[in-house]
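Quantities reported herein were computed from a predicted structural model and do not represent experimental measurements.
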Amino acid sequence: MSTARTRKATHQGSKHLQLGFNNQDGVLLESFNIPAFGKQYTVGIVCDGCTGLPGFSKTEVGASILPVFAFGRCQEFLCAGLPLADIPMVLFQSCTEFLRDLAQKVMPGNIYWGYSEVLSTALAKLKTGRKGWDSTTRFRIDYLSATLLGFVTDETQLVTFTAGDGIVLVNDDIRVIDQDDKPEYPASSINSPGKGFDVHVLSLSEVQRVAICSDGLKELMQDQKFVDQMFSFSPGLFGLQILLNNTYSERDHLMEDDCTAVTFERSDEPCT
């Protein structure tokens, strides 16, 4: 019976470190069994917070919360018997409702929370669209704006879902999602008709390996050796993290943005 090797890793980007920004990516990778169905499930999620307005935006908050929330909902939906292929549709709605409710609870619209006068003048000249935002909108955009990319699998199917910029590798096919620095974050898609995840449903028998990555790895993933090492370097749970650490030491100029990934690889050998 085939097994799966899964790994995750994240590393702060060199430019973010230079400017004093936090790692604004979030990551989660979990497996669990549902005995009633006799199946094991794996969920991998990567979120990339929008840098937004440096010095004011704290989108690592959304990037850290969203993976945990999304994982919980995936497990609930699966336990309820929802087909794997239908998970992304209801998950997107759940996430946008959660972000809307959270923003309203933390910073109600009747609270005054404006930008400083100097910053407001600068923003008006830059035409960022922030002028006139209420406090709820500011919190939602400056704290919760993050991409959401992931996969969920059982023992027969694997489903990928993406909202925003990032990279999806399936076998040897690399799909770079570039939305011209204007990603369609779940936080900005609330109540927007037609918005949702881009979904791909795959038969697990046709999948050998999968990687879901933030767009900070875009340059490195043009290197086939690096892509292969994501699955083979230093076998074990922390191998991918060691790879990112070592690569940063040698080629930090290719990791200016935060770099985060989850990987899934089918194998006929027992997991190590």
Specify the closest pair of heavy atoms between [X] and [Y], including all atoms of both residues, with the distance to one decimal.
X: Thr147; Y: Gly164; result: CG2-CA, 3.9 Å
X: Ala146; Y: Cys47; result: CB-CB, 4.4 Å
X: Met221; Y: Leu169; result: CE-CB, 4.2 Å

Is any side-chain heavy atom of [X] closer than 4.5 Å to a side-chain heavy atom of [Y]?
X: Leu102; Y: Leu144; result: yes
X: Trp133; Y: Ile141; result: yes
X: Val90; Y: Leu82; result: yes
X: Val210; Y: Thr263; result: no
X: Asp142; Y: Thr59; result: no
X: Gln229; Y: Thr247; result: no
X: Ser94; Y: Phe69; result: yes
X: Val159; Y: Ile87; result: no

Do any N or O atoms from the side chain of [X] and from the backbone of [Y] form a donor-acceptor pair under 3.5 angstrom?
X: Thr136; Y: Gly109; result: yes
X: Arg266; Y: Thr3; result: no
X: Ser214; Y: Gly166; result: no
X: Ser188; Y: Tyr185; result: yes
X: Ser135; Y: Trp113; result: yes
X: Ser234; Y: Gly239; result: no
X: Asn171; Y: Glu206; result: yes
X: Asp252; Y: Ser14; result: no

Among residues at least two apart in sequence or on other chains, which ones pass side-chain contact (heavy atoms from CB on, under 4.5 Å) with [X]?
X: Ala70; answer: Ile45, Leu91, Cys95
X: Ala261; answer: Cys213, Leu217, Met230, Leu240
X: Gln75; answer: Phe32, Phe71, Cys79
X: Glu60; answer: Asn22, Gln24, Lys58

What's the separation between atom [atom1] in [X] and atom [atom2] in [Y], rounded to the nearest 0.5 Å?
X: Ile212; Y: Leu148; atom1: CD1; atom2: CG; value: 10.5 Å
X: Thr160; Y: Asp198; atom1: OG1; atom2: CG; value: 7.0 Å
X: Gln208; Y: Glu265; atom1: CD; atom2: CD; value: 6.0 Å
X: Asp258; Y: Lys15; atom1: CG; atom2: NZ; value: 13.0 Å
X: Arg140; Y: Thr96; atom1: CZ; atom2: OG1; value: 10.5 Å
X: Arg7; Y: Phe264; atom1: CZ; atom2: CZ; value: 14.0 Å

Review point. According to the ring pair (Phe, Tyr, Trp, His ring centres under 6.0 Å) rule, which pairs have a member within residues 226-263, sequence neighbours left out?
Key: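 As it turns out, the ring pair (Phe, Tyr, Trp, His ring centres under 6.0 Å) pairs with a partner in residues 226-263, which skip direct neighbours, are His11-Tyr248.
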Review point. What pairs of residues pass the ring pair (Phe, Tyr, Trp, His ring centres under 6.0 Å) test when at least one of them lies in residues 155-179, not counting sequence neighbours?
Key: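 Qualifying pairs, neighbours excluded: Phe161-Phe197.
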Exercise for review: Could I get the full list of salt bridge (charged side-chain N to carboxylate O under 4.0 Å, His left out) partners for Asp134, not counting sequence neighbours?
Suggested key: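 Counting only residues at least two positions away or on another chain, Asp134 forms no salt bridge (charged side-chain N to carboxylate O under 4.0 Å, His left out).
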Check your understanding: Does Ser31 have any side chain to side chain donor-acceptor pair (under 3.5 Å) partners at least two apart in sequence or in another chain, and if so, which?
Key ->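 Listed in chain order: Thr42.
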Any salt bridge (charged side-chain N to carboxylate O under 4.0 Å, His left out) pairs touching [range], not counting sequence neighbours?
range: residues 223-232; value: Arg209-Asp228, Asp223-Arg251
range: residues 74-96; value: Arg73-Glu76
range: residues 30-43; value: Lys39-Asp154

Check your understanding: Is there a path of hydrophobic side-chain contacts, each under 4.5 Å between heavy atoms of I, L, V, M, F, W or Y residues, that connects Leu220 with Val262?
Key ->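 Not linked; separate clusters.
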Review point. Regarding Asn246 and Glu250, is there a side-chain donor-to-acceptor distance under 3.5 Å anywhere?
Key: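 No - no donor-acceptor pair under 3.5 Å links their side chains.
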Practice item. Decide whether Ser205 and Ser203 meet the rule of one side-chain donor and one side-chain acceptor closer than 3.5 Å. Key: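 Looking only at side-chain atoms, Ser203 and Ser205 do form a donor-acceptor pair, the distance falling under 3.5 Å.
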Review point. Per the side-chain contact (heavy atoms from CB on, under 4.5 Å) rule, which among Val170, Ile167, Thr162 passes with Arg175?
Key: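 Only match with Arg175 under side-chain contact (heavy atoms from CB on, under 4.5 Å): Thr162.
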Practice item. Go through the structure and list residues passing ring-ring contact (aromatic ring centres under 6.0 Å, His included) with Phe77, not counting sequence neighbours. Key: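 Residues passing ring-ring contact (aromatic ring centres under 6.0 Å, His included) with Phe77: none at all.
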